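Have a look at the structure below before the remarks.
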Amino acid sequence: MERTDRLLSEMTLAEKLGQLTMIAADYAVTGPVITPYSEDAIRSGAIGNLLNLYGAGATQRIQKIAVEESRLGIPLLLGFDALHGQRTVFPIPLAEAGLFDPVTWEATARIAADECAGDGLNMTFAPMLDVSRDPRWGRIAESPGEDPFVACTFARAKTHGFQSASLAAPHTVAACAKHFAAYGAVTAGREYAPTDMSDVLLRETYLPPFEAAVEAGVAAIMPAFTDLNGIPLTAHVPLLRDVLRGEFGFDGVIVSDYHAIAELLNHGVAGDLAEAAALALKAGVDIDMMSDSYRLGLPEALQRNLVAMDEIDAAVRRVLLLKERLGLFQDPYRRGRADTGVTVQSRALARAVAARTLVLLKNAGNVLPLAARKIAVLGPLADAGGEMRGPWGGAGRPEDCVSVLQGLKDAGLDVRHAPGVAIDESDVSGIAGALDLCADADAILLCLGEAALMSGEAASRAYLGLPGRQQDLADAVFEKAAGKPVIVVLFSGRPLAVPELVSRAHAMLAAWFPGCEAGHAIADVLIGKVSPSGRTPVSWPRAVGQVPIFFGERPGGRPFNPKDHFTSHYSDVDNTPLFPFGHGLSYGDFELSNLRVEAGDLLTVKVDVTNRGARVAEETLFLFLNQKKPGVTRPLLELKDFGKIALPPSGQGTVTWTLPRPAAPAELFVGPNAAVSSLLSLSI
């Protein structure tokens, strides 16, 4: 505090505004480059923070300019998006959410933090905590899925993983939770569109993950680009000041999203840059990322009495205190090692995690694990290692990623390969050659789906089927297969609406984008070295017209009744999802029994589990509640907890949960997914 007070007293206005400014280098592209990167501006103190620069040499050099060549010697915040790894690329967050395993979530964040720190970074713009129930939205790939309880658990695990016990430790980085709030509910799933929702929905679904992050000690928060009920989040005083800082008690740094403050003019709430800067500052935004609104707009805002100097000082103080907590004043060079990179240990973890995130959607006749050794490997994503990183691969290199084809070869399988078609082009001339490979194959592996950049930011899709002519390839293979097993490995950053593909395939794996060890992980599951244990963290629609689709829906006054036409239903498709939340098969065969509750100050819920299958496998179980409250409609199912159990053949065990006693009568449900027909239940 003493250092902070001294620095504040010595700063010019330009130096104060420099501490509130973050600009981008060109090591990665996360938006339009508007404010040019300038070492002279860092020397002058006009820029105090930087993003999209990484690597020990580059970061140490730029940090040295700030510390040794500027008047006050204030070190830089150096940030980057390590959403699912830095050098070691883990599965995309949506895939990792399907592990339902907080220990693993924290472990992968710990590796990412260590690699970020090795690259000289001290902040990451993660975790992304936007609950999302609309697969049209490209950034669902970065999200923890559709459920707020999962997102809260994810928030705590990732925050702890990035920040560890002390922000000053040389292997930690400050986490910046984003995007506060309700960005995942943009209109029609269209990127950057407005969001409109009730306060009840906001409070119950979209705010809790951020409160959980605050409780876990998250260092920074990023507001969404978007507006909520007509107020842009970058200028949302009720949410940023009253809820986030007031109710939640957040005292850290609020960082704008990329160019978001200047975009208040586009929203129509500010007439010029001075007004935009004043609105954001008064809402509590401390750092302006890439719009130069604070540097250029706040001096005029001060002259026009739109802001006061003590408001600027309060923001500067929060930034300096974060730099103090990170240990930057004590040793600005503590982060940045020459040996940063993918290690044997990090690759081993990436492989294990990727294998566990794969979701076995279908396995008719138990064609998996593969008995065949001679495999025709077809499709545009079979030999596409670089695509395995997903829409945002951090600082991971395409050449470090293992393709499916390479993984199968390394596993000793006899493979022959042809892409057949490109991911999103109309040329079908390669299909005939691909079909020729099916003739003497024992099994056919179809590697289909999206290109990595079809998901992520600015990648919304109105159609959720296979891009290009991939369905034509699949149809031709199904016709040619003549009884041979056809296994589909589906790559995507979102659930895809592919009911025909599901119905015709013998087996299907949702691989998402599995990261740098994709090929080895997929081979491990296909040959039975690992039993798949990933589960769907979002409901998969049968058709786009069902979207948004999620398990936590309220019943309504006329819930679906197949015997009554005048109830809530579609006339052309079933109400139910193609795959429910939590769906996923394994190489085991799990049986649940003896659901019971032991009463006390807390309820203890137990269920016995037996593996009737012939292989070691892991099961995920979900604990749902349906509460009855006078005058208030509650969701049909509310997730209260989840648990995992690994059992050998004929093995038995018990999964146990504790939860507060509901204030009103309720029904308890336990099972492997959110399909009510699959759940055990009892009244409490």
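In this text the structure is predicted, and so the values were computed from the model without any measurement.
- Sorted by first and then second residue, the salt bridge (charged side-chain N to carboxylate O under 4.0 Å, His left out) pairs involving residues 530-546 (not counting sequence neighbours) are Arg535-Glu619.
- Applying the side-chain hydrogen bond (donor to acceptor under 3.5 Å, both in side chains) test to Ser678 and every residue at least two apart in sequence or in another chain returns Asn673.
- One finds the CG atom of Leu381 at 7.5 Å from the CG atom of Leu448 (value rounded to the nearest 0.5 Å).
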CA sep, side-chain torsions, deciding dist, call: Tyr183, Tyr206, ring pair (Phe, Tyr, Trp, His ring centres under 6.0 Å):
CA-CA 9 Å; Tyr183 188 17; Tyr206 295 95; over 10 Å; no
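- Remark: side-chain polar atoms of Gln546 are paired, donor with acceptor, to backbone N or O of Asp574 under 3.5 angstrom.
- Listed here is the closest heavy atom pair of Val89 and Gly393: CG2-O, 3.4 Å.
- Remark: Arg615 does not engage Asp589 in a salt bridge, criterion side-chain N to carboxylate O under 4.0 Å.
- Using a 3.5 Å distance cut-off with no hydrogens or angles, the side chains of Ser132 and Asp130 do not pair a donor with an acceptor.
- For residues 356-369, the pairs satisfying salt bridge (charged side-chain N to carboxylate O under 4.0 Å, His left out) are Asp101-Arg356, Arg356-Glu618, with sequence neighbours left out.
- Side-chain contact between Leu668 and Leu625: present, with at least one pair of heavy atoms (C-beta onward) separated by less than 4.5 Å.
- A search for ring pair (Phe, Tyr, Trp, His ring centres under 6.0 Å) contacts involving Phe125 returns nothing, not counting sequence neighbours.
- Note that the SG atom of Cys401 and the CD atom of Glu387 stand 10.0 Å from one another [nearest 0.5 Å].
- Checked against salt bridge (charged side-chain N to carboxylate O under 4.0 Å, His left out), Glu115 has no partners two or more places apart in sequence or in another chain.
- Distance alone, capped at 3.5 Å, is enough to place a donor-acceptor pair between the Ser460 side chain and the Glu191 backbone.
- In this structure, Phe579 and His583 have parallel ring planes: the angle between them is below the 30° cut-off, well short of the 60° mark.
- Taking each heavy atom of Ser531 and Ala617 in turn, the nearest pair found is OG-CB, 3.5 Å.
- Remark: side-chain polar atoms of Lys374 are not paired, donor with acceptor, to backbone N or O of Ala443 under 3.5 angstrom.
- Every residue meeting the salt bridge (charged side-chain N to carboxylate O under 4.0 Å, His left out) condition with Asp475, not counting sequence neighbours, appears here in chain and number order: Arg504.
- Thr153 contributes a side-chain N or O that, together with a main-chain N or O of Phe149, makes up a donor-acceptor pair within less than 3.5 Å.
- Closest approach of Ala523 and Ala411 over heavy atoms only: CB-CB, 4.0 Å.
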What's the verdict on salt bridge (charged side-chain N to carboxylate O under 4.0 Å, His left out) for Arg133 and Asp147, showing C-alpha distance, side-chain angles and the deciding distance?
CA-CA 8 Å; Arg133 295 167 169 179; Asp147 182 72; 5.3 Å; no
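- Side-chain atoms of Asp81 do not come within 3.5 Å of backbone N or O of Trp392 as any donor-acceptor pair.
- No side-chain heavy atom of Thr124 sits less than 4.5 Å from a side-chain heavy atom of Phe80.
- Put simply, CG on Leu405 and CG on Leu445 are 10.0 Å apart, with the number rounded to the nearest 0.5 Å.
- Residues passing the ring pair (Phe, Tyr, Trp, His ring centres under 6.0 Å) test with Phe669: none are found, sequence neighbours excluded.
- Pro135 has its side chain within reach of Pro541: a pair of non-hydrogen atoms, C-beta onward, lies under 4.5 Å apart.
- For Trp540 and Phe581, the ring centers sit 6.0 Å or farther from each other.
- Residues Leu473 and Leu446 form a side-chain contact, since some pair of their non-hydrogen atoms from C-beta on lies under 4.5 Å apart.
- Taking each heavy atom of Tyr192 and Ala458 in turn, the nearest pair found is OH-CB, 3.8 Å.
- At least one side-chain heavy atom of Leu408 sits less than 4.5 Å from a side-chain heavy atom of Val377.
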Under the side-chain contact (heavy atoms from CB on, under 4.5 Å) rule, what do Cys516 and Met388 come out as? Steps first, then yes or no, please.
CA-CA 7 Å; Cys516 64; Met388 299 297 101; over 6 Å; no
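- Of the inter-residue distances, the one linking Thr536 atom OG1 with Leu361 atom CG reads 7.5 Å to the nearest 0.5 angstrom.
- Side-chain contact between Val150 and Val131 is absent, with no heavy-atom pair separated by less than 4.5 Å.
- Put simply, the side chain of Glu146 gets close to the backbone of Phe551: a donor and an acceptor are under 3.5 Å apart.
- Atom CZ of Arg397 is separated from atom CG of Asp400 by 4.0 Å, given to the nearest 0.5 angstrom.
- Of the inter-residue distances, the one linking Leu464 atom CG with Leu578 atom CG reads 11.5 Å to the nearest 0.5 angstrom.
- Remark: Phe491 engages no residue in a ring pair (Phe, Tyr, Trp, His ring centres under 6.0 Å) (not counting sequence neighbours).
- Just one of Asn611, Val530, Leu368, Val616 meets the side chain to side chain contact (heavy atoms under 4.5 Å, CB included) condition when paired with Tyr587; it is Leu368.
- The closest donor-acceptor contact from the side chain of Lys484 to the backbone of Ala439 lies under 3.5 Å.
- Qualifying salt bridge (charged side-chain N to carboxylate O under 4.0 Å, His left out) partners for Asp440, counting only residues two or more places apart in sequence or in other chains: Arg416.
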Distance-only criterion, 3.5 Å: show the donor-acceptor pairs between side-chain atoms of residues 641-654 and protein atoms not counting sequence neighbours.
from: Lys644; atom 1: NZ; to: Leu99; atom 2: O; distance (Å): 2.8
from: Lys644; atom 1: NZ; to: Thr620; atom 2: OG1; distance (Å): 2.8
from: Thr654; atom 1: OG1; to: Asp608; atom 2: OD1; distance (Å): 2.8

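- In this structure, the side chain of Arg554 does not engage the main chain of Gly556 through any donor-acceptor pair within 3.5 Å.
- Side-chain contact of Glu96 with Thr104: a donor-acceptor pair under 3.5 Å is absent, judged by distance alone.
- The two residues Val367 and Ala507 come nearest to each other via the heavy atoms CG2-CB, 3.6 Å.
- For residues 512-528, the side-chain hydrogen bond (donor to acceptor under 3.5 Å, both in side chains) pairs, not counting sequence neighbours, are Arg347-Glu517, Arg351-Asp524, Asp410-His520, Glu517-His520.
- Within the 4.5 Å cutoff, side-chain heavy atoms of Arg136 are placed close to those of Val544.
- What you find for Ala452 and Pro391 is that their closest heavy atoms are O-CB, 3.4 Å.
- Remark: Glu425 engages no residue in a salt bridge (charged side-chain N to carboxylate O under 4.0 Å, His left out) (not counting sequence neighbours).
- Of the possible polar contacts, one joining the Thr567 side chain to the Asp564 backbone as a donor-acceptor pair under 3.5 Å is found.
- At least one side-chain heavy atom of Met454 sits under 4.5 Å from a side-chain heavy atom of Pro467.
- Side chain of His84 to backbone of Phe90: a donor-acceptor contact under 3.5 angstrom is found.
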